[in-house]
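Computed from heavy atoms alone, side chains included, the values below leave out hydrogens, waters and symmetry copies.
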Amino acid sequence: MTSQGNLKAGVRAIFNSSEKSTTVNAVVTVQPTIASVVTNVRLTKGLDDANDRVGTALLIELVAAQLDPKSGSEKPTIRSFARLKGKDGDKILYESSFNFPQSFGEVGAILVENEHHQEIYITTIVFHGFPDGDIVFTCNSWVQSKFDNAEKRVFFDNKSYLPSQTPSGLRRFRDQELNNLRGDGKGERKKGDRIYDYEVYNDLGDPDISDELARPVLGGGKQPYPRRCRTGRPKTKKDPLSETRSSFVYIPRDEAFSEIKMATFRGNSLIGVTHSLVSTLKALIVDDDKRFPNFTAIDKLFKQGTELPASSSNVSLRDILPNIVKAASDAKSSILRFDTPDLIERDTFIWMNDSEFARQTLAGANPCCIKLVEEWPMKSKLDPAIYGPSESAITKEMVEKEIGGYTTVEEALKEKKLFVLDYYDLLLPYVQQVRELKGRTLYGSRTLFFLTPEGTLRPIAIELTRPPINGKPIWQQVFQPSGDATSLWLWRLAKAHVLAHDSGYHQLVSHWLRTHCCTEPYIIAANRQLSAMHPIYRLLHPHFRYTMEINALARERLISANVIIEYSFSPGKYSMFLSSVVYDQQWQFNLQALPADLISRGMAVKDPNAPHGLKLTIEDYPYANDGLLLWDAIKQWVTDYVSYYYLDSETVQSDTELQAWWTEIQTIGHGDKKNEAWWPSPTNPDTLIEILTTIIWVASGHHAAVNFGQYDYGGYFPNRPTIARTRMPTEEANEAEFKQFMEKPLDFLLNCFPSQLQALMVMSVMDVLSSHSPDEEYIGGEIQPYWAENATIKVAFERFRGKMKDLGDTIDARNANSKLKNRYGAGVVPYELLKPFSGGGVTGSGVPNSISI
């Protein structure tokens, strides 16, 4: 039995016979689950069915909103058992009746005790018969059996209250429920628990299995990192700081996927990919390092496919990965065949184009890293005594060789026409460690772009650097797109290396760190410090849906030791370590706001006369153009919402729960950065609006922009290889190697690309991650019941919903505008990643409320 506090109700109400009363009926809606049907096939099922028949399956108690005015104490609750009524579609209904006296006053909360031997999922409890109309309690929560947890569950009605406004009869229940959710920080968590607590990332390795699988602890020490949800699993035998791994990874019960989501090709497919499919692929591809022999073999993945060995596991793969595993003609075996990504469907050879390479920095899978060049020559901040000269090897003469017909370097710098994708300082210190790993290499890199008069970018130079290692001096070379055949092939190879760098940064930082990882502390703190009746909790809750579940799955099957990220991306076992380096060196909460991010990268400047108050450095920047419309709409919705509840700064400052929430985020959830001066302080409505808008933007717009284009842009891996396996042929004076390159440069490129196993694993995962589930909740879609019952909030949300529909129309119009060449053109994929609504599957559009995949 798990004890999480003690929500004791008062004694059963006893009424004076002369007091007037009203008969009130309650209808409890329960969502049946496949899991409950499967597990409830033991002796207890008969007992539960008997309880249903006699009407003792659920105990409901009404809690008065106000204290007794005479005694100053809580009024006794009114109790009634709910009996099974029947079904309404796929829902099960229970019904109970209450003799409700007038003196009881307003009902502010209900207590529920589950008399079944299995947990149940209650969606709503609706009371009919009150003089002022029905009262709805939105639950959407698991209620454990009293035999597993004797604690009665409390649910508050749909009215929202700041702490100081809490009705007197609900104050104890409000505080006690928060205490229950915080837990005591002890013991190993069980599936039915609802406890939110913090832990460092100490479960990425498995040192008890092998020293090779040991990984450093991220957070709380030398490697700053956000916190994750505490599971309480025991420590490993070899490393007392690391947590043991297990097939069950705890998350609070209400954070789990719905069965619709679990049954489709979404989050649970990650387990399918890494278990059944990977095992099958390893059996099929005996040599882990085997490369694709030619591009025909790559194209075959999308046309004929690859037949998988007949086995029962392959049949299940068709269920969890229907997009890519199809039944063969004999129906017993399966074919692994990928849908052709939209990018390649439109233009088979577009991935080779320099113009497309540049365009994708503004409108591709990772459009939030390109920066304005603001000094010349470009300089490193690394120690030159260790890493070589600080000045970039890209010279003025090299640049003007490419842009001489347009302008000079000085003029280009002044006119803001030079841009860079810069992974030099981040990667250079780790080149030696990565090169010691089998089958991979690494460089520090800079890629320079020029903004043409047409408003498009043109790549003009790539700088690759190997620092002094193993007694060898620094190696540094600049590659450019123009020149003879040899230079052209070297340029293509250099692009492959840069794309591998960008793919790694995209997955580890733009995607995982900035959205999934950094959002989890907001969720934990919200549940620990903000009551379920708090208006800010109710504003944020839709944007936290499923995030903790997908993060737990990622720790189990994506980012842990020797699984997909480490196996298929260039940094290998140092992948998560590099993620923590970026968190330490680059992450700031205030820069997660889209306008601030654009300004910090030199991609925009403040301009009160420009739309959104910003003037973009590149006018046709699809991610920024569409993102700012979404940002402004979110901010207006948040402004309308916050302004309703917080009339002045005093209201914000005196909100004890709000202040505790934000303090806990800074000091615990992101505690390794608690002393940074850039943290905003919610002392007034404007600052609070900025904080909330930033959190919602990251969970919705930013995540959608870096997640749902993964398959379209990375599904055909030559367009975005995740790993570079071979060094440049000019790095060493190796005649045999250079001869091989000169005779068969295409083979050299194929050797550099991911191996067959690496490519198939990543393509499979990208298909899963880029897909929308049938129960996806899109931003500006369904109104929350709490908002619908408040006329002012309802009007504000309807206005926001209208803006989301308008945004979709605006994006369609922009994609049809021939003047916007970064989103329109022959074979060009329209930029739709920030269109709010989408159908299911891989669509390249749709902005869910939350980080749900």
Side-chain angles (χ1 to χ4, degrees), residues 288-292 295 298 351-352 354 357 360-361 364-366 369 421-447 459 461-467 469 475-479 481 488-509 564-575 577-578 713-714 716-732 734 737-738 740-741 744-763 766:
D288 288 2
D289 294 327
K290 185 178 181 181
R291 71 167 173 86
F292 287 92
F295 277 86
I298 298 174
W351 66 276
M352 298 181 71
D354 286 347
F357 168 57
Q360 288 181 27
T361 65
N366 189 31
C369 290
L421 204 58
D422 191 348
Y423 299 123
Y424 190 91
D425 282 10
L426 173 64
L427 298 181
L428 202 64
Y430 305 100
V431 168
Q432 181 169 355
Q433 291 97 311
V434 170
R435 286 185 170 214
E436 291 171 353
L437 304 176
K438 179 185 175 184
R440 62 192 71 221
T441 193
L442 192 66
Y443 296 101
S445 70
R446 295 186 182 101
T447 306
I462 292 173
E463 175 185 1
L464 298 180
T465 301
R466 181 205 68 200
I469 57 174
W475 176 86
Q476 214 167 15
Q477 189 169 348
V478 176
F479 303 90
L488 181 59
W489 273 106
L490 288 171
W491 170 254
R492 288 171 179 163
L493 279 167
K495 278 202 301 182
H497 283 274
V498 167
L499 286 166
H501 302 165
D502 190 61
S503 293
Y505 190 92
H506 162 251
Q507 201 65 263
L508 294 168
V509 179
I564 291 175
I565 293 296
E566 287 196 0
Y567 181 73
S568 303
F569 285 76
S570 284
K573 64 186 285 187
Y574 301 105
S575 293
F577 177 85
L578 275 172
Y713 288 104
Y716 187 77
F717 67 86
N719 182 64
R720 281 185 70 76
T722 58
I723 188 172
R725 299 195 299 149
T726 59
R727 62 192 181 190
M728 293 295 292
T730 54
E731 181 185 329
E732 299 278 348
N734 187 319
E737 190 175 272
F738 194 75
Q740 177 195 1
F741 163 71
K744 293 186 176 181
L746 184 58
D747 280 2
F748 213 90
L749 182 61
L750 288 167
N751 285 333
C752 187
F753 281 160
S755 69
Q756 290 190 30
L757 184 57
Q758 288 169 333
L760 292 174
M761 287 171 63
V762 170
M763 291 165 67
M766 284 184 176

Enter the distance from [X]:[atom1] to [Y]:[atom2] here, rounded to the nearest 0.5 Å.
| X | Y | atom1 | atom2 | value |
| --- | --- | --- | --- | --- |
| Met761 | Tyr567 | CE | OH | 6.5 Å |
| Glu566 | Tyr574 | CD | OH | 10.0 Å |
| Gln756 | Lys290 | CD | NZ | 5.0 Å |
| Asn751 | Gln740 | CG | CD | 6.0 Å |
| Leu757 | Asp289 | CG | CG | 9.5 Å |
| Leu499 | Phe717 | CG | CZ | 13.0 Å |

Do [X] and [Y] come close enough that some side-chain heavy atom pair is under 4.5 Å?
| X | Y | value |
| --- | --- | --- |
| Pro481 | Leu488 | no |
| Arg725 | Cys752 | no |
| Thr361 | Thr447 | no |
| Pro729 | Leu493 | yes |
| Ile723 | Phe569 | no |
| Arg720 | Met766 | no |
| Leu490 | Thr730 | yes |
| Arg446 | Leu421 | no |

Worksheet item: Are Tyr713 and Asn366 close enough, and set up right, to give a side chain to side chain contact (heavy atoms under 4.5 Å, CB included), and what steps lead you there?
Response: CA-CA 10 Å; Tyr713 288 104; Asn366 189 31; over 6 Å; no
Discussion item. Taking ring-ring contact (aromatic ring centres under 6.0 Å, His included) as the definition, give me every residue that meets it alongside Phe479, ordered by chain and number, with sequence neighbours left out.
Written reply: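 Listed in chain order: nothing, the list is empty.
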Worksheet item: How would you list, by chain and number, every residue that makes a ring-ring contact (aromatic ring centres under 6.0 Å, His included) with His506, sequence neighbours excluded?
Response: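 So His506 forms no ring-ring contact (aromatic ring centres under 6.0 Å, His included) with any residue.
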Worksheet entry | Working for side-chain hydrogen bond (donor to acceptor under 3.5 Å, both in side chains), residues Asn719 and Gln360 | CA-CA 10 Å; Asn719 182 64; Gln360 288 181 27; 3.2 Å; yes
Check whether any side-chain N or O of [X] sits under 3.5 Å from a backbone N or O of [Y] as a donor-acceptor pair, and report yes or no.
| X | Y | result |
| --- | --- | --- |
| Thr722 | Ser503 | no |
| Ser575 | Gly572 | yes |
| Ser755 | Asp288 | yes |

Applying salt bridge (charged side-chain N to carboxylate O under 4.0 Å, His left out), name anything that partners [X], two or more places apart in sequence or on another chain.
| X | value |
| --- | --- |
| Asp747 | Arg291 |
| Asp425 | none |
| Arg466 | Glu731, Glu732 |
| Lys495 | Asp354 |

What residues form a side chain to side chain contact (heavy atoms under 4.5 Å, CB included) with [X], not counting sequence neighbours?
| X | answer |
| --- | --- |
| Thr465 | Tyr424, Leu428, Glu463, Ile474, Gln476 |
| Glu737 | Arg727, Asn734, Phe748 |
| Ala461 | Ile394, Leu448, Val478, Gln480 |
| Glu436 | Gln432 |

Taking all non-hydrogen atoms of both residues into account, name the closest pair between [X] and [Y] and its distance.
| X | Y | value |
| --- | --- | --- |
| Pro754 | Pro721 | CD-CB, 3.8 Å |
| Leu464 | Ser445 | CD2-CB, 3.8 Å |
| Ala500 | Ser570 | CB-OG, 3.8 Å |

Practice prompt. With sequence neighbours left out, write down each residue that passes side chain to side chain donor-acceptor pair (under 3.5 Å) with Tyr505, or none if nothing qualifies.
Written response: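 For Tyr505, the residues satisfying side chain to side chain donor-acceptor pair (under 3.5 Å) (neighbours in sequence not counted) are Gln586.
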Practice prompt. Identify, with sequence neighbours excluded, every residue that meets side chain to side chain donor-acceptor pair (under 3.5 Å) alongside Trp351.
Written response: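 Partners of Trp351 by the side chain to side chain donor-acceptor pair (under 3.5 Å) criterion come out as none, since no residue qualifies.
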Discussion item. Side chain to side chain contact (heavy atoms under 4.5 Å, CB included) for Tyr423 and Cys369? Distances and angles first, verdict last.
Written reply: CA-CA 10 Å; Tyr423 299 123; Cys369 290; 3.7 Å; yes
Item to complete: Classify the angle between the aromatic ring planes of Trp475 and Tyr443 as parallel (below 30°), tilted (30 to 60°) or perpendicular (above 60°).
Response: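 Tilted, since the angle between the ring planes falls between 30° and 60°.
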Item to complete: Please test Thr441 against Val434 for side chain to side chain contact (heavy atoms under 4.5 Å, CB included), starting from the C-alpha separation and ending with a verdict.
Response: CA-CA 6 Å; Thr441 193; Val434 170; over 6 Å; no
